[in-house]
Amino acid sequence: MAIDAGQYSLDPNAESWEIPSPAMTMFDFDYTDGREQLLRLYDKGTRKQWIGSDRIDWFQDVDPTNPVGMPDELNPLFGTTWWDKMNEAEKGEVRRNLEAWRFSQFMHGEQGALICTAKIVQTVPDIDSKFYAATQVIDEARHVEVYSRYLHEKVQLVYPLNNNLASLLDDVIRDSRWDMTYLGMQVLIEGLALAAFGTIRNMASEPLAKSVNAYVMQDEARHVMFGRLALRDYYPSSPPPSETSARSSAWTPATACVTGSWARRSGSASTCPTRWGPTSATASRSACSAATCSCASCRS
Ligand SMILES: [Fe+2]
Ligand SMILES: [Fe+2]
């Protein structure tokens with residue numbers, strides 16, 4: 001299917017994307033100073049490693065007219081006159097393109113997580129955070145690998161990175177502050193991704209896509225916890241990112257969710273940042289990072 005390059009931030013044929021990313025490299029020579037909860041998470045992250053080619057049954061066939069197997073009712077075109085006029089072959093092509101687009105954004109986002117986590121290893125001041133982030137680097141590489149394999153082998157169609165995700169990744173990677181890498185990637189983007197993965201886990205009927213998402217989700221829950229643990233100790237002694245920042249609409253509530261103060265500040269039970277965005281209407285409680293978020297809306 002022809003792709004209109006004007007819809008995307010990157011040329012569909014582009015093979016790379018460069019973002020200037022100044023960073024301060026930090027050594028920590030206090031090798032014996034580790035926070036117990038973070039070291040436990042590091043231990044868990046090491047033990048829970050899995051191998052994509054072994055753990056997932058890649059011999060399963062996938063219906064090219066309905067990869068992932070999401071209900072048609074969730075298709076944005078469902079219920080429109082365009083949908084009603086399509087024959088079955090045309091509907092199959094719409095489903096294939098929609099899922100190729102969705103899984104392509106997951107794949108590109110996972111590469112963003114891979115890059116951000118490697119940057120955290122370099123820039124975070126504490127050795128225990130460097131330890132855990134190192135386990136997450138291999139997690140994110142595996143996530144890129146499994147989404148790429150699903151797209152290239154089973155759907156056989158890949159879309160470029162879309163404008164909105166590109167803008168978010170650009171903001172996070174361009175910022176030199178180590179806590180902004182955490183806040184943007186570990187809390188905001190990973191939290192939203194968990195909600196999207198959860199929707200697929202709960203509603204998809206295609207076994208291969210379900211198992212890919214389920215294994216990725218197991219890792220992602222640890223990742224959000226890592227961001228929260230590291231920032232919880234940092235923000236009480238350091239002011240959160242400036243509220244005059246152009247990105248304050250996103251950063252401020254995300255910071256508050258980390259510190260557990262968002263629900264108190266807003267007085268609302270429906271404003272947890274991990275439930276923001278287009279996925280919020282369909283995100284289930286389990287898809288929210290409820291296991292890791294301490295705000296009142298997630299605890300209730
Ligand atoms: Fe990931
Ligand atoms: Fe992650």
Side-chain angles (χ1 to χ4, degrees), residues 38 41-53 55-56 68 102-124 129-151 158 161-162 165-166 168-169 171-173 178-201 204 208-231 254 257-258 273-277 279 283 286-293:
L38 256 179
L41 200 62
Y42 163 62
D43 184 74
K44 194 172 178 182
T46 308
R47 293 174 192 278
K48 295 275 184 181
Q49 294 292 319
W50 49 279
I51 298 171
S53 54
R55 185 68 64 89
I56 293 169
V68 185
R102 193 198 320 259
F103 273 60
S104 294
Q105 304 319 310
F106 291 167
M107 177 180 68
H108 300 310
E110 295 290 358
Q111 185 176 174
L114 169 65
I115 288 165
C116 284
T117 317
K119 190 177 172 189
I120 286 172
V121 173
Q122 178 190 1
T123 59
V124 72
S129 289
K130 290 180 191 291
F131 282 0
Y132 179 77
T135 70
Q136 190 179 329
V137 170
I138 188 66
D139 286 352
E140 304 298 6
R142 187 169 55 244
H143 299 172
V144 179
E145 174 210 335
V146 294
Y147 281 120
S148 169
R149 186 165 179 181
Y150 187 83
L151 281 166
V158 177
L161 179 64
N162 82 68
L165 182 55
L168 206 47
L169 290 173
D171 271 354
V172 173
I173 293 168
W178 67 265
D179 60 304
M180 294 303 285
T181 314
Y182 271 95
L183 192 57
M185 177 52 72
Q186 302 292 120
V187 178
L188 190 61
I189 299 178
E190 299 254 24
L192 290 171
L194 260 182
F197 295 155
T199 302
I200 289 175
R201 181 197 59 190
L208 183 56
K210 274 176 89 90
S211 75
V212 167
N213 266 279
Y215 283 119
V216 169
M217 279 187 78
Q218 285 180 10
D219 296 339
E220 299 298 356
R222 283 195 308 277
H223 302 172
V224 179
M225 172 66 103
F226 171 48
R228 191 176 153 255
L229 282 176
L231 291 182
C257 189
V258 170
T274 56
R275 296 182 186 181
W276 286 359
T279 55
S286 60
C288 173
S289 54
T292 57
C293 182

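Indexing begins at 1, ligand by ligand and atom by atom, following the structure's order. Numbers here simply count residues along the sequence, with the first being 1.
Among heteroatoms of the N, O or S kind in Glu140, OE1 lies nearest the Fe ion (ligand 1). Atom OE1 is the N/O/S atom of Glu110 found closest to the Fe ion (ligand 1). Summary: ND1 is the N/O/S atom of His143 found nearest to the Fe ion (ligand 1). Checked against the Fe ion (ligand 1), the N, O or S atom of Glu220 at the shortest distance is OE2.
Residue Glu190 counts as close to the Fe ion (ligand 2), with an N, O or S atom under 2.8 Å. Taking backbone and side chain together, Asp139 holds no N, O or S atom under 2.8 Å from the Fe ion (ligand 2). Taking backbone and side chain together, Asp219 holds no N, O or S atom under 2.8 Å from the Fe ion (ligand 2). Among the backbone and side-chain atoms of His223, an N/O/S atom is found under 2.8 Å from the Fe ion (ligand 2).
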Tyr132 vs Leu229, side chain to side chain contact (heavy atoms under 4.5 Å, CB included): CA-CA, chis, key distance, verdict: CA-CA 11 Å; Tyr132 179 77; Leu229 282 176; over 6 Å; no
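Using a 4.5 Å heavy-atom threshold, the side chains of Asp139 and Arg222 count as touching. Contact check for Ile56 versus Tyr215: side-chain heavy atoms found under the 4.5 Å cut-off. Using a 4.5 Å heavy-atom threshold, the side chains of Leu194 and Met217 count as touching.
Within 6.0 Å of CD on Glu145 lie more than 12 heavy atoms contributed by other residues, nucleotides or ligands.
The heavy-atom pair separating Gln122 from Lys130 by the smallest distance is O-NZ, 3.5 Å.
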